[in-house]
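Here is the structure we will look at.
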Amino acid sequence: MAGVKSADRCPGLLRPHPAEDGALIRLRFPGGQTTADTLSALSGLARTYGNPELQLTSRAGLQLRGLPDRLPPELTEAILALGLITSARHERVRNIIASPLTGISGGMADLRGLVHDLDRAILDEPSLADLPGRFLFVLDDGRGDVAGRAFDLGYRALDGVNGVLLVGGGELGFPVPVREAVDALVQLARDFAVARRASGAWHVRELRGWTATVEGLGPTDGRAADPPQQPLGEVAGAASVAVPLGLLTPQQVGVVTRVAAGPLVITPWRGLVLPGGAAGLSALTASGLVATADSPWAHISACVGAPYCGQASGSTRALAVELVQRGDVDRRTHLSGCERRCGAPVDDHRDVLVAHGAVR
Ligand code: SF4
């Protein structure tokens, strides 16, 4: 059994994190699903109150940072007015990643409705407010792009009717029809919320004793042997772009909202999918967004590093720019300012630790 953990410090709007560069707030978007209007409104608020860039997260969310230590009430109210937080108690547990292209192109099923239903069910279940902020649900539409990540509970579609419920990762699960998936996920999450009380465990994989009690659980191949990469460029009429270092500037948001007026998807790879936006690809790339896999920016990521994080021993972003400029990104690369390696990809990559301007 895991030892008793320290406090859960995952940030949210209602619990900002005091970073070196000011307060940081993290906003969740189940399945990465949002709209151009919401993105535009958040970009305007970021520009008004703090660092003007929106920071994309590896859970398909957004962070605003460099905000006043005491959040201005008008900022909090403006974000609440966007309808992003419908339950204060559940704010930090609505962590749902889904295949970003589901319902747009490929996959075995359109899981956008399932994302909505699972989010609704989480909000409706008071006991799930006790889940840790690190707990993660994954909904994979069968293509295997997100079921290979580290997660707690998940569902991988086999077709539009049937799928596999995944427990503690992609290796253990049991068959569940899609119409029962939400109930099954919520029931297991509720059981985990009770089982973790003694230890404060953050993840299902830490409670192997509890996992062993899950009825019908057995080995499964929920994790794809060779997970597909997010395609960039035109995808079934949509524009799929990577956001260099996950930092979305106000100018880029302006272009995005001109190209796609309606729904859009934030990807767990710090990119955006704009349904129907393929005609705007040249404008998107002119703004610095990336639409081809041969760009080094499609293959490099970095934690926020110095001077934004007190743990950092060096400027990860500056070194990332340097590596790109000197053509030194020949494979997936992640730069970290300390051993915690925040945001590092789960798949094979070049791991760079930055210490006082040097690479370790
Ligand atoms: S990896 Fe270290 S330096 Fe980078 S953001 Fe995380 S804690 Fe900060």
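Remember, it's 1-based here, ligands and their atoms both numbered in the order they're listed.
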Look at atom 2 (Fe) of ligand 1 and say which protein heavy atom is nearest, naming residue and atom and giving the distance to 0.1 Å. Cys338 SG, 2.3 Å
Among all protein heavy atoms in this structure, tell me which lies nearest to atom 4 (Fe) of ligand 1, with the distance rounded to 0.1 Å. Cys303 SG, 2.3 Å
Would you tell me whether [X] and [Y] have side-chain atoms, one donor and one acceptor, within less than 3.5 Å of each other?
{"X": "Gln33", "Y": "Arg112", "answer": "no"}
{"X": "Thr38", "Y": "Thr35", "answer": "yes"}
{"X": "Arg332", "Y": "Ser301", "answer": "yes"}

Backbone or side chain, does Cys342 get an N/O/S atom under 2.8 Å to atom 4 (Fe) of ligand 1? no
Trace of the ring-ring contact (aromatic ring centres under 6.0 Å, His included) decision for Phe192 with Phe135: CA-CA 10 Å; Phe192 172 78; Phe135 193 92; 5.2 Å; yes
Distance under 6.0 Å and angle within 45° of the ring axis: does Arg317 meet both against Tyr308? yes
Under-4.0 Å heavy-atom contact with ligand 1, by part of Cys309 that carries it: side chain
Check each heavy atom of Arg341 against ligand 1 and say whether those closer than 4.0 Å belong to the side chain, the backbone, both or neither. backbone
Which ligand 1 atoms, with their elements, are less than 4.0 angstrom from a heavy-atom of Ala312? 3 (S)
